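Reminder, nothing fancy here: chain letters follow the sequence lines and each chain counts from 1. These numbers come from a predicted model, not from an experiment. Note: hydrogens, waters and symmetry copies are ignored here, and every other heavy atom, side chains too, is used.
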Protein chains: 2
Amino acid sequence: MSSQGTAPRVRLNRDRVLQAAVTLADGIGIAPLSMRRLAQELDVVPMALYKHVANKDELLDGMIDVIITEIAPPATGLGWKDVVRGRILSARSVLQRHQWARQVLETRTNKTPGVLAYMDSFIGMFLDGGFSVDLTHHVMHAIGSRMWGFTQELFDEPVNHNDAGAADADDAARQAMFQEMARRYPHVLTIAMASAHDPAGVVGQGCDDQFEFEFALDLLLDGIDRLHAQGWTSVRAQRPATT
Amino acid sequence: MSSQGTAPRVRLNRDRVLQAAVTLADGIGIAPLSMRRLAQELDVVPMALYKHVANKDELLDGMIDVIITEIAPPATGLGWKDVVRGRILSARSVLQRHQWARQVLETRTNKTPGVLAYMDSFIGMFLDGGFSVDLTHHVMHAIGSRMWGFTQELFDEPVNHNDAGAADADDAARQAMFQEMARRYPHVLTIAMASAHDPAGVVGQGCDDQFEFEFALDLLLDGIDRLHAQGWTSVRAQRPATT
DNA sequence: GTGGCAAGGTGTACGGCGTACACCTGCTAA
DNA sequence: TTAGCAGGTGTACGCCGTACACCTTGCCAC
């Protein structure tokens with residue numbers, strides 16, 4: 001289709017495949033991304049892909065490795081906290097460009113070179129900041145997926161917005177549903193209203209996700225800072241030796 | 001098979017289906033759980049299930065609702081922190097019994113009655129503890145999936161343990177791989193060794209997951225406590241009205 | 001009892017998926 | 001000129017979720 005006629009038919013390679021997969025996933029999401037669909041995008045028969053990636057899992061791993069390179073390197077000349085903060089926010093912006101990546105990262109048991117390299121450099125930010133190995137270890141656990149710039153969003157999805165049409169009759173139904181929610185889940189409603197002045201949103205409509213993320217991140221970083229400053233050490237590490 | 005001969009053939013119902021699905025997922029994991037496999041477990045033809053659940057997504061939602069009921073209700077007579085802490089640890093133990101649930105919760109855009117009820121009661125713990133609606137809202141975001149007692153485990157999976165056999169020749173290869181890792185990801189290795197005295201584990205082998213979870217949880221709760229004590233308020237909430 | 005009716009179980013079939021395997025094609029190096 | 005091989009092709013298999021038409025069963029009003 002795209003290279004019809006006498007076009008020279010550029011050769012495929014692993015990079016072109018991964019790049020195309022990332023672009024496609026950006027466009028249509030991760031669920032409809034199949035080997036067949038990707039092949040079609042590349043004007044090639046499905047099995048051709050298998051000359052460049054071993055299987056679909058490897059494709060997904062490769063896609064992650066591609067987007068990791070978009071994360072900014074650690075800044076220099078700043079305190080550990082700002083370095084870590086900046087890096088995480090950079091990762092966050094990358095993950096926001098590639099929404100599918102969150103799910104893939106969650107699902108995958110990641111151990112690709114790219115992931116390891118990122119983790120290595122991430123750990124380095126703490127060690128370079130004067131953290132003990134012990135504290136760094138626990139801190140890495142505490143940060144968890146926030147390292148990638150995402151948290152489980154509990155309040156996602158505005159609510160099932162009923163596409164359009166059937167407005168009036170639906171309005172009454174929606175009113176009723178709203179009443180029912182208020183009766184059964186009063187607290188959820190209270191919280192939802194705290195940020196969304198439009199009650200139709202029911203949950204999280206007007207949330208400023210970026211604010212929420214940074215709020216939680218700073219809570220964490222401040223806690224870590226405090227532990228670091230007071231020379232915190234786990235009981236485990238206090239044991240002089242295993243003997 | 002199981003009810004051969006003249007056995008009375010107990011009737012199916014939504015509950016039996018969900019219960020069986022949970023049990024099956026506990027046994028074989030979530031990935032191999034198909035409608036066909038589940039039907040077979042219930043000694044029934046696949047399509048029979050669709051008389052009790054609309055489709056597979058609804059099945060998964062239903063499974064979540066089933067296990068939510070296993071989470072202990074909030075304790076009474078304690079401060080908010082202990083109540084929240086206890087509840088989260090209870091959720092954690094449930095999710096540990098049903099390992100598949102983490103993935104399902106992550107994937108799903110959950111809004112089942114069970115999930116809403118749990119969230120509602122969860123929010124209630126803060127409001128009852130004297131938290132402002134504003135702070136509670138942000139705190140809920142900060143807690144995120146920790147509400148369910150899990151964090152993204154970055155150090156999971158000991159390493160690809162090569163099943164058995166081919167021990168000696170492999171040993172040399174493993175040595176080489178180890179050297180290579182040490183060269184390319186020194187920090188990762190350092191951290192891994194901090195908790196696992198056996199270097200073969202490479203990452204996180206000897207981690208005490210429960211300790212790590214509680215470490216991160218307490219970091220969070222302490223931070224929240226501090227904000228609460230000092231009457232923290234978001235700028236947003238300080239605006240008197242929208243006008 | 002008997003006819004009808006709804007709830008629930010069955011059988012067949014379709015389109016999609018990942019991918020094994022045998023094959024063909026066209027470029028490169030000798 | 002030709003051998004070799006990297007890379008693209010075609011066919012096929014066994015899974016998946018599920019639409020749709022059908023049959024069975026047990027209950028109820030008559």
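- In the set D:dG17, C:dG18, D:dT11, the nucleotide with an atom closest to the side chain of B:Met35 is D:dG17.
- Taking atom CD1 of A:Ile30 as the reference point, atom P of C:dG18 lies 11 Å away to the nearest angstrom.
- Evaluation of atom-type donor-acceptor distances gives no pair under 3.5 Å for the side chain of B:Lys56 against the base of D:dG17.
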* To do: Verify side chain to side chain donor-acceptor pair (under 3.5 Å) between A:Arg102 and A:Ser145, making sure each step is shown before the conclusion.
  => CA-CA 9 Å; A:Arg102 183 167 68 89; A:Ser145 70; over 6 Å; no

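- The pair A:Arg92-A:Glu214 does not meet the salt-bridge criterion, since no charged nitrogen lies less than 4.0 angstrom from a carboxylate oxygen.
- Note: NZ (A:Lys51) to C1' (D:dG10) measures 12 Å, nearest angstrom.
- Atom OH in B:Tyr50 sits about 18 Å away from atom P in C:dT12, given to the nearest Å.
- The CG-C1' distance, from A:Leu60 to C:dC17, rounds to 14 Å in whole Å.
- Distance A:Leu38 CG to C:dG16 P: 17 Å, rounded to the nearest Å.
- Distances from the side chain of A:Arg11 to the nucleotides D:dT9, C:dG9, D:dA6 place D:dA6 closest.
- By the 30° and 60° cut-offs, the orientation of the rings of A:Phe215 relative to B:His138 is tilted.
- Each of D:dC20, D:dT9, C:dG9 was ranked by its minimum atom distance to the side chain of B:His52; first place goes to C:dG9.
- With distances taken from any side-chain atom of A:Met47 to the nucleotides C:dT10, D:dG8, C:dC21, the minimum falls on C:dC21.
- C:dG18 atom C1' lies 11 Å from atom CG of A:Leu49, rounded to whole Å.
- A salt bridge links B:Glu58 to B:Arg14: one of the charged nitrogens lies within less than 4.0 Å of a carboxylate oxygen.
- For the pair A:Ala54 and A:Arg37, nearest-nucleotide mapping onto DNA chain C gives the more 5' position to A:Arg37.
- Remark on DNA chain C: of its neighbouring residues B:Ala48 and A:Pro32, the 5'-side contact belongs to B:Ala48, judged by nearest-heavy-atom nucleotide.
- Rounding to whole angstrom units, CG of residue A:Asp57 and P of C:dC17 are separated by 16 Å.
- A salt bridge is absent between A:Asp61 and A:Lys111: the closest approach of a Lys/Arg side-chain nitrogen to an acidic carboxylate oxygen does not fall below 4.0 angstrom.
- Atom-to-atom, CD of B:Glu58 to C1' of D:dT18 comes out at 14 Å; the value is rounded to the nearest Å.
- Comparing D:dT9, C:dG11, C:dG18 against the side chain of A:Ser34 picks out C:dG18 as the nearest.
- Counting distance only, with no hydrogens placed and no angle test, the side-chain atoms of A:Arg36 and the base atoms of C:dG18 include a donor-acceptor pair under 3.5 Å.
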